[in-house]
**Student:** 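Structure incoming, see below.
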Amino acid sequence: MAEGNRATAKTNFIYSMIRADLNQGILGEMPVHTRFPPEPNGYLHIGHAKAILLNYFIAKDFKGKFNLRFDDTNPIKEEQEFVDSIIEDIRWLGADWEERLFFSSDYFETKYQFALRLIETGYAYVCDLNPDKIREYRGTLTEPGRDSPYRNRPATENLDLFERMRKGEFPNGSRVLRAKIDMTSGNLNMRDPVIYRILHAHHHRTGDKWCIYPMYDFDHPFSDTLEGITHSLCSIEYSDHRPLYDWIVDRALELMPEAIKFRSRQTEFARLSMNYTVMSKRKLRRLVEEKHVDGWDDPRLPTIAGLRRRGVTPEAIVDFQERIGVSRADSTADLALFEHCIRQDLEIKAPRIMAVIDPLKIVITNWPVGKTEMFEMENRPDDEKAGKRQVPFSGTLFIEREDFMEEPPKKFFRLAPGREVRLKGAYIIHCDKVFKDKLGNITELHCTYDPQTRSGSDTSGKKVKGVIHWVAVEHAVYASVNLYDTLFSVENPEEAEEGDFTTLINPDSLRICTNVPIEPSVRAALPGSRFQFLRKGYFYLEPERSTAEKMVFNRIVQLRDSWAKTQK
RNA sequence: UGGGGCGUGGCCAAGCGGCAAGGCACGGGUCUUUGGAAUCCGCAUUCGUAGGUUCGAAUCCUACCGCCCCAGCCA
């Protein structure tokens with residue numbers, strides 16, 4: 001999609017809605033303004049990336065603004081550590097909030113003033129019911145609730161009580177401030193929702209200044225109006241909260257118009273699910289805490305930190321986000337689509353290099369002893385500008401164990417006794433002899449090369465179907481390679497019972513190969529760079545864990561493998 | 001038995017009364033010194049089901065079915 005056309009070309013329901021809003025002029029002079037409102041109580045995952053990028057690109061496409069605002073209204077669960085990691089992740093994704101980094105807690109005083117006005121005008125009251133009683137009075141899904149006995153407390157008394165709540169005169173849980181709406185509403189959220197609670201807790205930003213904290217339903221819409229958020233996007237489960245959102249916005253417009261920049265509105269969209277992984281915070285936390293994975297940034301996790309450590313690029317995530325689309329229907333994105341996006345991005349970025357994951361030694365018996373020949377190989381097919389590199393070839397080589405079969409099935413184009421293959425960029429070899437240990441394991445192959453088949457100047461006229469990669473033994477650099485696969489072996493681990501979902505973990509989700517021979521040009525690789533190991537996949541030179549002595553590569557994604565498919 | 005949503009091919013997703021976009025996946029061909037990439041072709045007579053309105057319905061109406069969310073002083 002051409003840049004600049006996105007605002008008019010995108011067909012999802014949110015873009016359509018914004019276009020309609022613009023056409024009807026309901027934004028007035030306001031720019032389209034979105035925000036991402038994370039609670040700093042955990043790590044971000046790819047589902048959050050969908051929301052972040054959706055909000056960010058809407059602002060960008062409509063030449064509007066995008067805010068980052070931390071929803072930090074519950075000091076018990078929130079920590080600065082998460083603020084830092086969230087900022088790092090969003091920045092890495094490329095969503096730019098410019099100078100608009102905010103915290104809900106920035107507005108605590110204004111919110112308190114707003115609450116005071118709600119009380120003065122009879123829209124809110126202090127309720128002394130304890131949590132159990134509040135629940136009891138709320139009724140059930142099918143039965144209406146009953147009015148709290150404190151519902152008609154005089155405003156002056158409410159004001160006094162609320163001010164004393166702020167001063168810290170009452171213990172946690174003893175009283176709350178409630179909006180006076182409708183205890184018989186079919187929507188539980190409208191049955192006089194609690195909007196302030198007493199919490200004697202240290203807040204990561206405001207310290208001990210407050211001992212009452214606003215609830216999400218009160219806080220969020222009000223913060224949106226203060227920031228001039230025109231389109232407040234959230235996930236489907238908040239649909240039921242929309243009437244309350246509107247109620248708060250309307251009260252703000254009515255009682256505190258001087259502080260309000262816009263009559264913000266909420267729009268919900270379906271959150272992202274993906275197969276072969278879990279996204280729920282509880283399950284992710286268990287995986288980390290029970291050490292099923294190596295921390296929040298384990299490359300098998302769908303966390304942004306995990307994807308980054310695995311080597312996935314932000315561009316691939318953006319592409320994925322664009323392709324999955326946005327709607328209100330529950331949906332599960334296919335891992336295959338994500339992998340496609342990753343490959344497509346790396347296909348044009350990653351230089352090729354040869355590495356042999358599971359080495360089998362071969363000896364070229366007619367190769368002059370001690371001779372090394374250099375071959376010039378392209379860093380990227382289809383792109384000469386990517387340059388070339390020198391790759392040494394000699395008489396003892398490693399090839400991939402799976403590229404040889406003693407008794408090849410039909411359609412197997414690689415090496416087998418008496419058969420020929422081309423060693424990529426070098427010569428065609430013929431397999432003469434197979435050596436085995438006493439257990440019958442193949443230990444070595446003896447082959448002969450055909451001098452006339454030199455790559456680029458082949459005069460033999462030979463045509464071989466198979467081309468395999470290789471590494472010269474005496475020139476190899478040995479690295480550690482982490483082969484990652486899906487963390488779960490079933491498509492929908494999220495549907496499993498919380499109690500036993502860990503039994504669904506894929507036992508082969510990580511295979512560590514500690515001595516993988518790689519062609520010597522890898523020595524020049526910069527930490528954080530990505531390569532395509534020819535025929536094997538895309539790999540990331542992990543900067544954090546690589547040392548001067550040993551490079552550590554993570555497999556980002558495998559190449560498509562139509563041979564593996566035909567084998568099935 | 002309350003309220004709010006959603007149902008278009010295996011997975012996403014356009015479509016908004018004029019006769020089913022696109023992507024991924026899948027199947028097949030071409031090309032290829034990556035069984036990669038590229039490229040071409042195929043892939044829903046049908047839109048949860050049943051009725052109705054209409055010359056004409058995925059789109060409008062009615063009923064039914066299925067799935068998801070809501071009873072935190074979490075967000």
Side-chain angles (χ1 to χ4, degrees), chain A residues 11-13 16 37-39 41 71-74 76-78 127 129-131 134-136 138-145 172-178 184-191 193-199 212-213 215-217 219-220 234-243 268 270 275 281 322-341 343-344 347-348 352 354 377 380-382 411-414 421-426 428 453 455-456 458 463-469 491 532-537 559-566:
Chain A
T11 50
N12 72 62
F13 80 102
S16 302
E39 183 187 17
N41 73 340
D71 253 353
D72 56 348
T73 58
N74 185 354
I76 293 167
K77 292 166 66 181
E78 296 149 8
C127 181
L129 256 23
N130 67 34
I134 285 187
R135 189 179 316 120
E136 192 183 315
R138 186 156 36 224
T140 68
L141 292 177
T142 52
E143 301 157 25
N172 289 358
S174 58
R175 278 178 237 268
V176 292
L177 185 67
R178 293 228 252 169
T184 66
S185 171
N187 182 343
L188 290 298
N189 297 119
M190 300 299 269
R191 320 241 264 227
V194 172
I195 57 178
Y196 262 94
R197 79 285 215 185
I198 299 170
L199 237 38
I212 55 172
Y213 291 90
M215 299 287 290
Y216 170 87
D217 283 314
D219 184 277
H220 200 95
C234 61
S235 48
I236 288 287
E237 63 265 34
Y238 289 98
S239 299
D240 285 349
H241 296 246
R242 194 181 339 125
E268 312 86 21
N275 52 16
K281 202 167 265 181
E322 294 282 329
R323 290 185 193 234
I324 53 178
V326 190
S327 76
R328 293 182 61 93
D330 292 343
S331 59
T332 302
D334 197 337
L335 211 216
L337 175 59
F338 187 40
E339 293 190 334
H340 171 83
C341 295
R343 287 189 199 103
Q344 185 142 303
E347 160 70 20
I348 56 169
R352 317 286 124 126
M354 294 195 290
M377 293 182 72
R380 234 142 55 200
D382 314 320
K411 297 270 195 80
F412 183 81
F413 306 144
R414 284 110 95 150
V421 281
R422 174 172 292 282
L423 294 177
K424 172 72 180 176
I428 289 176
T453 59
S455 189
D458 190 329
K463 285 270 188 213
V464 290
K465 206 105 197 252
V467 177
I468 63 175
H469 57 98
E491 260 202 67
Q532 184 195 109
F533 286 0
L534 221 65
R535 304 205 307 134
K536 297 311 293 180
L559 253 33
R560 289 190 61 191
D561 187 350
S562 52
W563 165 240
K565 249 176 256 165
T566 64

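Heavy-atom basis, side chains included; hydrogens, waters and symmetry copies ignored. Naming convention: chains lettered A, B, ... in sequence-line order (proteins, then strands); numbering from 1 in each chain.
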**Student:** Name the residue closer to the 5' end of RNA chain B, choosing between A:L423 and A:Q344 according to the nucleotide with the nearest heavy atom.
**Tutor:**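 In this pair, the answer is A:L423.
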
**Student:** When the distance from CD of A:E347 to P of B:rA38 is rounded to whole Å, what number comes out?
**Tutor:** 6 Å

**Student:** Given the P atoms of B:rU62 and B:rG4, what is the spacing between them in whole Å?
**Tutor:**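 To the nearest whole Å, 15 Å.
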
**Student:** Do any N or O atoms from the side chain of A:S235 and from the backbone of A:E237 form a donor-acceptor pair under 3.5 angstrom?
**Tutor:** no

**Student:** B:rG36 P sits how many Å from A:R352 CZ, rounded?
**Tutor:** 13 Å

**Student:** My understanding is that a pair needs two contacts under 3.5 Å, Watson-Crick or G-U wobble. By that rule, which nucleotide pairs with B:rG42?
**Tutor:** B:rC26

**Student:** What contact category does A:G145 fall into here, base, sugar-phosphate, or nothing, at under 4.0 angstrom with non-hydrogen atoms?
**Tutor:**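 If one applies the 4.0 Å heavy-atom cut-off, A:G145 turns out to touch nothing in the nucleic acid.
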
**Student:** Taking atom C1' in both B:rU59 and B:rG15, what distance in whole Å separates the two?
**Tutor:**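 So the two C1' atoms sit 8 Å from each other.
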
**Student:** Counting only Watson-Crick pairs (N1-N3 plus N6-O4 or O6-N4) and G-U wobbles (N1-O2, O6-N3), all under 3.5 Å, who is the partner of B:rA63?
**Tutor:**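 Paired with B:rA63, as far as the under-3.5 Å criterion goes, is B:rU49.
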
**Student:** Hey, is B:rG48 sitting syn or anti, using the within-90° cutoff around 0?
**Tutor:**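 With its glycosidic angle more than 90° from zero, B:rG48 counts as anti.
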
**Student:** Considering every strand and a 4.0 Å limit on heavy-atom distances, what is the contact class for A:R343: base, sugar-phosphate, or nothing?
**Tutor:** nothing

**Student:** Nucleotide by nucleotide, 5' to 3', does protein get under 4.0 Å of the base (B), only the sugar-phosphate (S), or neither (-) in nucleotides 12-19 of chain B, counting heavy atoms?
**Tutor:** SSSS----

**Student:** Any side-chain heavy-atom pair from A:L423 and A:I468 closer than 4.5 angstrom?
**Tutor:** yes

**Student:** Write down the distance separating the C1' atoms in B:rG10 and B:rA50, rounded off to the nearest Å.
**Tutor:** 27 Å

**Student:** Given the C1' atoms of B:rA58 and B:rU45, what is the spacing between them in whole Å?
**Tutor:**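 It works out to 14 Å between them.
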
**Student:** A:H340 side chain N/O closer than 4.0 Å to the phosphate oxygens (OP1, OP2) of B:rC24?
**Tutor:** yes

**Student:** Using a distance-only criterion (donor-acceptor N/O pair, under 3.5 Å, no hydrogens), is the base of B:rU33 paired with the side chain of A:R422?
**Tutor:**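 Flag set: donor-acceptor pair detected.
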
**Student:** Taking atom NE2 of A:H220 and atom NE2 of A:H241, what is their separation to the nearest 0.5 Å?
**Tutor:**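 Atom-to-atom, A:H220:NE2 and A:H241:NE2 are 11.5 Å apart.
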
**Student:** Please test A:R352 against A:E347 for salt bridge (charged side-chain N to carboxylate O under 4.0 Å, His left out), starting from the C-alpha separation and ending with a verdict.
**Tutor:** CA-CA 9 Å; A:R352 317 286 124 126; A:E347 160 70 20; 3.8 Å; yes

**Student:** Mind checking A:F533 for me? I need base, sugar-phosphate or nothing, with any heavy atom below 4.0 Å counting as a touch.
**Tutor:**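 No contact.
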
**Student:** Counting the atoms with a prime plus P, OP1 and OP2 as sugar-phosphate, which does A:K536 contact under 4.0 Å by heavy atoms, base, sugar-phosphate, or nothing?
**Tutor:** nothing

**Student:** Applying side-chain contact (heavy atoms from CB on, under 4.5 Å), run through A:F13 and A:R328 and close with a yes or a no.
**Tutor:** CA-CA 9 Å; A:F13 80 102; A:R328 293 182 61 93; 3.7 Å; yes

**Student:** For A:K565, does the NZ atom have more than 12 heavy-atom neighbours from other residues, nucleotides or ligands under 6.0 Å away?
**Tutor:** yes

**Student:** With a 4.5 Å heavy-atom cut-off, do A:N74 and A:L199 have their side chains touching?
**Tutor:** yes

**Student:** Distance check, C1' atoms only: B:rA44 and B:rG22, in whole angstrom units.
**Tutor:** 14 Å

**Student:** Looking at the base of B:rU33, is there any donor atom on it, or on the side chain of A:S455, that sits under 3.5 Å from an acceptor on the other one?
**Tutor:**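 Counting by modelled atom types and ignoring angles, a donor-acceptor contact under 3.5 Å is found here.
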
**Student:** Would you check, one step at a time, whether the test ring pair (Phe, Tyr, Trp, His ring centres under 6.0 Å) holds for A:F412 with A:W563?
**Tutor:** CA-CA 8 Å; A:F412 183 81; A:W563 165 240; 5.7 Å; yes

**Student:** Could you identify the nucleotide paired to B:rU32, looking across every strand shown and requiring Watson-Crick or G-U wobble geometry with both distances under 3.5 Å?
**Tutor:** none

**Student:** Mind checking A:Q532 for me? I need base, sugar-phosphate or nothing, with any heavy atom below 4.0 Å counting as a touch.
**Tutor:**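 The residue A:Q532 makes base contact.
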
**Student:** Does the A:R191 side chain pair with the main chain of A:S185, one donor and one acceptor, at a distance under 3.5 Å?
**Tutor:** yes

**Student:** Using atom CD1 of A:I468 as one end and atom P of B:rG36 as the other, report the distance to the nearest whole Å.
**Tutor:** 16 Å

**Student:** Using the C1' atom as the reference point in each nucleotide, state the distance between B:rA75 and B:rC11 in Å, no decimals.
**Tutor:**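 30 Å, rounded to whole Å.
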
**Student:** When the nearest nucleotide of RNA chain B is assigned to A:F412 and to A:F338 on a heavy-atom basis, which residue is associated with the more 5' position?
**Tutor:** A:F338

**Student:** Please name the nucleotide paired to B:rG2 by Watson-Crick or G-U wobble geometry with both distances under 3.5 Å, or report none.
**Tutor:** B:rC70

**Student:** Counting side-chain heavy atoms from C-beta on, which of B:rG35, B:rA37, B:rA25 comes nearest to A:D561?
**Tutor:** B:rG35

**Student:** Distance between the P atoms of B:rG9 and B:rA21, in whole angstroms?
**Tutor:** 14 Å

**Student:** May I ask you to check whether over 12 heavy atoms, not counting those of A:K281, lie within 6.0 Å of atom NZ?
**Tutor:** yes

**Student:** For a quick test of reading the model: is some side-chain N or O of A:T566 closer than 4.0 Å to OP1 or OP2 of B:rG35?
**Tutor:**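 For A:T566, the contact criterion (side-chain N or O under 4.0 Å from OP1 or OP2 of B:rG35) is not met.
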
**Student:** A:N275 CG to B:rG10 P: how many Å, rounded?
**Tutor:**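 Taking atom P of B:rG10 as the reference, CG of A:N275 is at 15 Å.
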
**Student:** Paired with B:rA13 by Watson-Crick or G-U wobble geometry, both distances under 3.5 Å: which nucleotide is it?
**Tutor:**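 Here B:rA13 is not engaged in any pair, so there is no nucleotide opposite it.
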
**Student:** Separation of A:M354 atom CE from B:rU34 atom C1', in whole Å?
**Tutor:**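 Atom CE in A:M354 sits about 11 Å away from atom C1' in B:rU34.
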
**Student:** How long is the line joining CZ of A:F413 and P of B:rC31, in whole Å?
**Tutor:** 13 Å

**Student:** Which nucleotides of nucleotides 70-75 of chain B have their base under 4.0 Å from a protein heavy atom (B), which only their sugar-phosphate (S), and which neither (-), written as one string 5' to 3'?
**Tutor:** BBSBBB

**Student:** What integer number of Å spans the P atoms of B:rG35 and B:rG23?
**Tutor:** 26 Å

**Student:** Is it the case that the side chain of A:R422 and the backbone of A:T453 share a donor-acceptor pair, with hydrogens and angles ignored and the cut-off at 3.5 Å?
**Tutor:** yes

**Student:** Any side-chain to backbone donor/acceptor pair from A:N275 onto A:D334? Under 3.5 Å, distance only.
**Tutor:**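 Not a single qualifying donor-acceptor pair exists.
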
**Student:** Between atom NZ in A:K465 and atom P in B:rU33, what is the gap in whole Å?
**Tutor:**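 Rounded to whole Å, this separation is 12 Å.
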
